Amino acid sequence: MSCDVEEVSLNGAEETAVANARKKGEYAARFSDLPILAFDTAVGLNGLVFGKPANKIDAVRMWKTLCGKTHEVVTAVYFRTNGKIIEKSEKTSVTFGAFDRTLVYNYVESGAPFDKAGGYNIDDPEIQPLVAGVSGDRDNVVGLPVKLTEKLIEENLLYGEDGYSA
């Protein structure tokens, strides 16, 4: 379900992602007693937090700041089941090459950056020439740390103390 919550930006990418995942999870829990999984992704560099760009100028500013550097992508997972709440996060480092004005401006004009933390989707073919490296779980950069999520479900729902044996 879509969780219409006002996202916050705190002191770091991890703190921001955890707080926003929690807000989404608590919002969803008001409507269901079923297990809840909520996620939020934030991009961080040198203490700055990059959420979703507000406009084209903001998107270009993000790209200018991130290009030529390695930044951290943090996705927080909020998992609620049987009255138990587990919050975990996954971190991945992404390195972009030098700023390419034409590539970035075309990407921004396409509208792609505006619903993504840091103003990009690592899987968008248009930006592949800028991706110099990914260290860690690539799925995390997409916004869903699959391995971490599977582990939480297995440990706490399928085989955990509050779960059942499948």
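This chain uses plain numbering: 1 for the first residue, then up along the sequence. Quantities reported herein were computed from a predicted structural model and do not represent experimental measurements.
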Residue from T149, T41, T92 passing side-chain hydrogen bond (donor to acceptor under 3.5 Å, both in side chains) with N140: T92
Derivation and outcome, salt bridge (charged side-chain N to carboxylate O under 4.0 Å, His left out), residues E7 and K52: CA-CA 10 Å; E7 294 185 3; K52 298 169 186 164; 3.5 Å; yes
Side-chain ion pair, E109 and K56, N-O less than 4.0 Å: yes
Expected output: side-chain E26 to main-chain A21 donor-acceptor under 3.5 Å: no
E14 vs S89, side-chain hydrogen bond (donor to acceptor under 3.5 Å, both in side chains): CA-CA, chis, key distance, verdict: CA-CA 7 Å; E14 185 169 18; S89 58; 2.5 Å; yes
CA sep, side-chain torsions, deciding dist, call: I127, W63, side-chain contact (heavy atoms from CB on, under 4.5 Å): CA-CA 11 Å; I127 67 161; W63 276 100; 3.9 Å; yes
Main-chain N/O of F39 paired to K24 side chain as donor or acceptor, under 3.5 Å: yes
Lys/Arg-Asp/Glu bridge criterion (N-O < 4.0 Å) met for R22, D40: no
Atom of A13, atom of A42 and distance for their closest heavy-atom approach: O-CB, 3.5 Å
Aromatic plane relationship, H71 with F96 - under 30° parallel, 30 to 60° tilted, over 60° perpendicular: tilted
Check: L45 main-chain N/O paired with K69 side-chain donor or acceptor under 3.5 Å: no
Derivation and outcome, salt bridge (charged side-chain N to carboxylate O under 4.0 Å, His left out), residues E6 and K23: CA-CA 8 Å; E6 188 169 330; K23 287 180 86 169; over 6 Å; no
Side chain D124, main chain A112, donor-acceptor under 3.5 Å: no
Atom of V77, atom of P145 and distance for their closest heavy-atom approach: CG2-CG, 3.7 Å
Side chain T16, main chain L10, donor-acceptor under 3.5 Å: yes
Counterpart residues, side-chain contact (heavy atoms from CB on, under 4.5 Å), relative to D33 (two or more places apart): none
T95/T70 under side-chain hydrogen bond (donor to acceptor under 3.5 Å, both in side chains): CA gap, chis, key distance, verdict: CA-CA 4 Å; T95 304; T70 299; 2.6 Å; yes
